[in-house]
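Below: one structure, written as structure tokens.
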Protein chains: 2
Amino acid sequence: MRVDRPADRREQILEVAARLFAERGFHGVSVGDLGKAVGISGPALYKHFDSKDAVLAEMLIAISERLLAEGQQRVDRAGNAADALRALVDWHVDFALAQPSLIVVQDRDWRSLPAPARERVRSLQREYVDLWAAQLRRLRRGLTLDQARSIAHATFGLINSTPHSRLLPDDAMRPLLREMALRSLDV
Amino acid sequence: MRVDRPADRREQILEVAARLFAERGFHGVSVGDLGKAVGISGPALYKHFDSKDAVLAEMLIAISERLLAEGQQRVDRAGNAADALRALVDWHVDFALAQPSLIVVQDRDWRSLPAPARERVRSLQREYVDLWAAQLRRLRRGLTLDQARSIAHATFGLINSTPHSRLLPDDAMRPLLREMALRSLDV
DNA sequence: CGGCTAGGTTAACGCTCATTAACCAGCCTC
DNA sequence: GAGGCTGGTTAATGAGCGTTAACCTAGCCG
């Protein structure tokens, strides 16, 4: 029959898993479901991953790294703190609109990770938060680190709300989120 | 031994369940865990609730109703749209700071509800969103309903981020969230 | 040609979980 | 003081899950 690209099974599994985990939660998707959704069945998954946990781990570590790496690059290219924050907002908004499933899984299911992966993800997230926090503190000198982190967290919450509403087309959602985020940051 | 108030078992179960569900997720807490946490064991829970699902259902319906009812009252008491929005922000911020567990469970685990309860909760949430949306549209005439809803959703995301960070004491968090929320709404 | 490897299959295992069954003690009421 | 709620107990049940075992086939390589 050859319905789907045999491209790379691993990649395919990760994509499909992101969608399913987002819809029904990590524990709401069985290995059997996941297999069926990619056209193989059940235990064949173990030819590609060590465990169900490992699928989640690879998925979450990859996006945390990507979010941080690209964020860092954009900050490096920016001339000043305000520009850096604008660039960070753009990046995060684009990412949230392009990968709503990953956003959902990342903040709903990170608790299901095995301890070492969980620590890795938490640590990458902390770095990402601190990337934002540092720019905020360059811009508004009075801010403590924890204040700046709290502000960053709140703005993430704002942007990450996208997957929960999705009432407008992306072209309308993008500027709306950008402006709300920038106003919330007072940039 | 008599360690805890025997006040009302039902109530106690709901409180403890909120905390546990928030920490480990609905599927991450077994009926046995829940029983142990309130000092009874396992199946005794069925003397108070029809099922594990029913605990979640009662919890989520109750808070959705409370959020809406109080929100409605505050709007009714407000003189104009801007005051109404300020009152809604205050209410939502206070609630999120007082009941972080419920906030977490509500938006992480509503998918685990049995269909009728899920519909009830979704419908109450829609009403609550529309309460905000209506005030936004009174204030900024050009807004479509879906635009206003999207804005409300984003601001909820901002405020509901509280339980994920919690780096500052409530007294510092409250004004920070209030101001960010109001700026995000452009009020 | 012969065998290794990659990527599948189905069957079986063992565990956990929600739920039910069966039973029991104390208390309130008539 | 007999009897029925109320709120517990432990044991059993049955389903679903992640994972492992055992086996198979096709293609590549020497």
Side-chain angles (χ1 to χ4, degrees), chain A residues 1-18 20-21 23-60 105 108-118, chain B residues 1-18 20-21 23-60 105 108-118:
Chain A
M1 263 257 290
R2 280 248 133 295
V3 149
D4 23 275
R5 61 267 134 110
D8 195 358
R9 247 315 131 71
R10 250 184 104 74
E11 216 56 41
Q12 188 197 6
I13 290 171
L14 285 167
E15 284 169 26
V16 170
L20 292 183
F21 292 169
E23 281 167 12
R24 319 211 291 263
F26 180 69
H27 290 296
V29 178
S30 73
V31 169
D33 294 339
L34 187 42
K36 196 181 313 178
V38 299
I40 63 183
S41 217
L45 190 123
Y46 290 81
K47 299 291 161 138
H48 304 280
F49 292 91
D50 283 348
S51 64
K52 189 191 174 195
D53 287 349
V55 176
L56 183 66
E58 183 157 330
M59 188 168 96
L60 294 193
V105 176
R108 199 220 291 110
D109 289 320
W110 65 267
R111 271 165 265 249
S112 301
L113 287 170
R118 185 166 61 239
Chain B
M1 265 255 292
R2 279 250 133 294
V3 150
D4 24 277
R5 58 271 135 109
D8 194 358
R9 247 314 131 74
R10 250 185 103 76
E11 216 56 40
Q12 188 197 5
I13 290 171
L14 285 168
E15 284 169 28
V16 170
L20 292 182
F21 291 169
E23 281 167 13
R24 319 210 289 264
F26 179 68
H27 290 296
V29 179
S30 73
V31 170
D33 294 338
L34 187 42
K36 196 180 313 178
V38 299
I40 63 184
S41 217
L45 189 123
Y46 291 82
K47 299 293 162 142
H48 304 280
F49 292 91
D50 283 349
S51 65
K52 188 191 174 194
D53 287 348
V55 177
L56 183 66
E58 183 157 329
M59 188 168 97
L60 293 194
V105 176
R108 199 218 294 111
D109 290 320
W110 64 267
R111 273 165 262 249
S112 301
L113 286 170
R118 185 167 60 238

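Chain letters run A, B, ... following the sequence lines, proteins first and then strands; every chain starts at 1.
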Between A:Asp8 (CG) and C:dG7 (P), how many Å, whole number? 9 Å

Are B:Lys52 and B:Tyr46 in a cation-pi contact, defined as NZ or CZ under 6.0 Å from the six-membered ring centre and within 45° of the axis? no

Which part of the nucleic acid, if any, lies within reach of A:Lys47 when heavy atoms closer than 4.0 Å are counted: base, sugar-phosphate only, or nothing? base

Proximity to the side chain of A:Pro43 - top-ranked nucleotide from C:dT19, D:dA21, D:dC17: D:dA21

Among the nucleotides C:dT19, D:dC17, D:dG8, whichever has the atom closest to the side chain of B:Ile40 is D:dG8

Derivation of the salt bridge (charged side-chain N to carboxylate O under 4.0 Å, His left out) call for B:Arg10 and B:Glu58: CA-CA 11 Å; B:Arg10 250 185 103 76; B:Glu58 183 157 329; 2.4 Å; yes

Think B:His27 has a side-chain N or O under 4.0 angstrom from the OP1 or OP2 of D:dC17? no

Rounded to the Å, how far apart are A:Leu45 CG and C:dA6 P? 17 Å

Without hydrogens or angle criteria, can the side chains of B:Ser30 and B:Asp33 be said to hold a donor-acceptor pair below 3.5 Å? yes

Measure NE2/A:His48 against P/C:dT5 and give the value in whole Å, please. 17 Å

Please state how far atom OH in B:Tyr46 lies from atom P in D:dT9, giving the value in whole angstrom units. 14 Å

Over all strands shown, is B:Val55 touching base, sugar-phosphate only, or nothing at heavy-atom distances under 4.0 angstrom? nothing

From B:Lys47 atom NZ to B:Ile40 atom CD1, the distance as rounded to the nearest 0.5 Å: 10.5 Å

Of the nucleotides D:dT19, D:dG8, C:dA18, which has the atom closest to the A:Ser51 side chain? D:dT19

In whole Å, I'd like the distance from the CG atom of B:Leu34 to the P atom of C:dA18. 9 Å

Tell me whether the side-chain N/O atoms of A:Arg9 come closer than 4.0 Å to OP1 or OP2 in C:dA6. no

Start at the 5' end of DNA chain C and walk down; is the nucleotide closest to A:Ser41 or to B:Gly32 reached first? A:Ser41

Lys NZ or Arg CZ of B:Arg108 over B:Phe26 ring: under 6.0 Å, within 45°: no

In whole angstroms, how far is the P atom of D:dG8 from the NZ atom of B:Lys36? 17 Å

To the nearest Å, how far apart are A:Asp50 CG and D:dT20 C1'? 13 Å

Could you state the atom-to-atom distance from NZ of B:Lys52 to C1' of C:dA18 in whole Å? 8 Å

